[in-house]
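Single-structure report; data block below.
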Number of protein chains: 2
Amino acid sequence: MLVVGSVAFDTIHNHSGTHARILGGSATFASIAGSVFTPVQLVGIVGRDFPEETIDSLTARGVDMAGLERSDGLTFHWEGRYSDDLTSRESLCTELNAFAEFHPKIPDAFRDTPYVMLGNIAPELQLEVLDQVRNPSLVVADTMNFWIEGKRDELSKVLRRVDVLVINEEEARQLSGEHHVVKVARALLTMGPKIAIVKQGEYGALLFCDGEIFAAPAYPIETVADPTGAGDTFAGALLGYVAHNDNTRHDTLRRAVIYGSALASFCVEGIGTERLFSITRDDVDDRFRAFRKLAHFSSEEEVADIEHEDRAPEASRAN
Amino acid sequence: MLVVGSVAFDTIHNHSGTHARILGGSATFASIAGSVFTPVQLVGIVGRDFPEETIDSLTARGVDMAGLERSDGLTFHWEGRYSDDLTSRESLCTELNAFAEFHPKIPDAFRDTPYVMLGNIAPELQLEVLDQVRNPSLVVADTMNFWIEGKRDELSKVLRRVDVLVINEEEARQLSGEHHVVKVARALLTMGPKIAIVKQGEYGALLFCDGEIFAAPAYPIETVADPTGAGDTFAGALLGYVAHNDNTRHDTLRRAVIYGSALASFCVEGIGTERLFSITRDDVDDRFRAFRKLAHFSSEEEVADIEHEDRAPEASRAN
C-alpha cells in the first residue's frame, strides 16, 4: 500500500506532562499501522533535522522510505495541549516548515501500487497524488474540519475520485449538512465514495457500503495515554488489512474496520507512536478476538445447538 | 415479571405536531415491551379519567392490570416539547395528580413474582416495592438525573438492594462522578448492583457483568418519530426476555440487551406507545437478526471454512 501524508514532530502537553518533539504525522501513524499487515510505501517530506534512526526504525517495520523527500528546512512541527479528560485539544503552534513546500512526488516504482491512502493533508495535494497513481484498486481518503471549511471545492474534487472516505462523525455532519448518521452517510455516498466509514471515537465506527451497515464497537480502554494519531492509525490499519487480503468483500471490510479499531486502541495506549512500534501481529490478533467477545452474541438456535451437544455425550453413555 | 412505575398521559410537541394526552408512563412502556416475552403484572395508579379501553388493550397484550390503583383525582399528565432533531426536550408541565399520592401496593398474588422492575419513580417508592416483594430472583432498577440530584441517599439504599441498574450514560457519569464509561461502570458496581447497563442513546448500550463487557449497537433508524419511553421500553424488554428464559447466564443477558435495544428501536418509530402495540414476536425476531447483521463479523478461520465448503462440491464433481 501507498501512504501519502505528513511526517512531523509533535509536542504534546497532557495530563502526564510535556512530550517534546516526538514522532508524529498522518503518514507516520498510518504507515506503522498498515505495516502490521502489508508492505507500505510512504511519501512525505521532512527537514534536515529529521533523524536517520527514525527512518531506519520505520524501514525496519516494513515501510519503504524511498518516497520521503528531504528539504533544507526544518520538519513540520505541531504543538498542542489536551484537556485533562483528553476529549478536546487546542493547537498552540503549527510550524509547517518543510511541509509548506510539499508537493507529493510519487516514485515511479510506487505508481502502480493498488492500495492508496490519502492522509489528512490539503485536498489539492491529495489531487496531485491521484494525478500520479495508475489504476489503483482502492483509494482511501481522510479529511478534517480545516479542509471542509476552507477547501470545500477542492475536497469535492477529491471525493469524486476516491473509493473510501474515512471521517469523524462531527466532521461528517459538517460536510454533509445532516445530523443523523444514516442520513449523513447517505449524503457522503452521493459525493463520490462507494464506502463511507464514520468514526465515533469512544463509541466505535460505522461502515456504510452497498446499503449495508456494520457497527464496530470501540475497545473499552480505561486509561488513554494520548489520542494523537488514532484516526490515522485506524485508516492505515484498515487499508493495510484490505491490501493484505487484496479484495473488498463485505466480510473483509468488516474485519478491516475491526483491525483499524484494534490498532487505534493500541495507539492511544502509548504516547505518540511508542505503543505502535512495540506491537506484534499476535497482540493484534488477541485484540481482534477481544473485539469479538465484546460485540458478539449468540442466537437462541446457537444456544440450543450447544445445549444439544452438551447433552449428547451423556445420551451416548446411557445407551 | 412485575413492573412498578408511572402510568400517565403525555402531551408531546415535536416536529410532527402536537400529540395530546396520549398514553405514557414508565410502567406502561416497560409492561408492553416485557409482554412480548412473558406475562406482566403492572402496579401503578391512574385517575378517574383513565379510559377502560386502555386497560383492556393492555390486558389483551398479556399485562395483568389487577395492580392498577384508581384514584378519585386525575391521571398523571406530562407535557413536553422536543427540539427539532429530537435530541433534547423541555418539560412544559408536570401535573402529578393521582401519582402524588402513589404508594405502591403489590397485590399478594404478585409478591412472589421472581422478576421485578422498579420503573423510573422516586427511590422511596422503589424501596416500598422492595419491602413488599418476596425473594425475587432479579430486580432491575431504572433511575434519572432528577433522583440523582434530589434523592441521593434514598437512591443509594435502592442500589444496595437491586441486581441490575439500567441508566443513561450522562446520568451514570453524574451518579458515579467518573467520566470514562469503564470507570463509570466500575463505580456503579461498587454501589450494589451486580450488573450495570449503560445506555448510550444512538450509540447503543454497554453491559457490565462479572468483569465482562458487551457492547450492543443501536439500530440505525433514519426517521425517529418520538423517543418518549424508549428507555422504559429497553428495560422492560430486557427483563421480559430474562424472565422468559428464567436465567441470568451471560449469553442470556447479552441477548436481553439486544432485545431491549430492538424493542426500543420499534418504540421510537411511532408516537408514544402506538408502534409497540402493533409489533408481533416475528417483527421482534426479524429485528434481532438485523442486529446480528449489524454487529457481527467473521474471523479469518470462519472465512477459510466457508471457502473450503464452497470448493468442496466442485471437487466432488471433478472426481
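Naming convention: chains lettered A, B, ... in sequence-line order (proteins, then strands); numbering from 1 in each chain. Values below: every heavy atom of this structure, side chains too, minus hydrogens, waters and symmetry copies.
- Heavy atoms closer than 4.5 Å to chain A are found nowhere in B:Y219, neither backbone nor side chain.
- Most heavy-atom pairs under 4.5 Å with chain B, from the set A:A216, A:G204, A:P220, A:A218: that is A:P220.
- Here the side chain of B:R254 pairs a donor or acceptor atom with the backbone of A:H296 at under 3.5 angstrom.
- For the residue pair B:S298 and A:R292, the shortest heavy atom distance occurs at C-NH1, 3.4 Å.
- Only the side chain of B:I258 comes within contact range of chain A, with heavy atoms under 4.5 Å apart.
- Contact of B:I221 with chain A is made through the backbone alone, with heavy-atom distances under 4.5 Å.
- Of the residues considered (A:K293, A:E212, A:H250), A:K293 shows the highest number of contacts with chain B, using heavy-atom pairs under 4.5 Å.
- Residue B:S299 touches chain A through both its backbone and its side chain, counting heavy-atom pairs closer than 4.5 Å.
- Heavy-atom distances place the side chain of B:Q200, and not its backbone, under 4.5 Å from chain A.
- Between A:F288 and B:F297, the ring center distance clears the sub-6.0 Å criterion.
- Within a 6.0 Å sphere centred on CG of B:D84, other residues, nucleotides and ligands contribute 12 heavy atoms or fewer.
- Taken to the nearest 0.5 Å, the CG atom of B:L86 stands 10.0 Å off from the NE2 atom of A:H180.
- Taking CG of B:L206 as the reference point, atom CG of A:L294 lies at 7.5 Å (rounded to 0.5 Å).
- Contacts of B:R186 with chain A are made by side-chain atoms alone, with heavy-atom separations under 4.5 Å and no backbone atom involved.
- Of all the listed residues (A:R289, A:E202, A:E169, A:H179), the one sharing the greatest number of non-hydrogen pairs under 4.5 Å with chain B is A:E169.
- For residues 227-244 of chain B, a heavy-atom distance under 4.5 Å to chain A picks out B:Y241, given by residue number.
- Closest approach of A:P217 and B:A215 over heavy atoms only: CB-CB, 3.7 Å.
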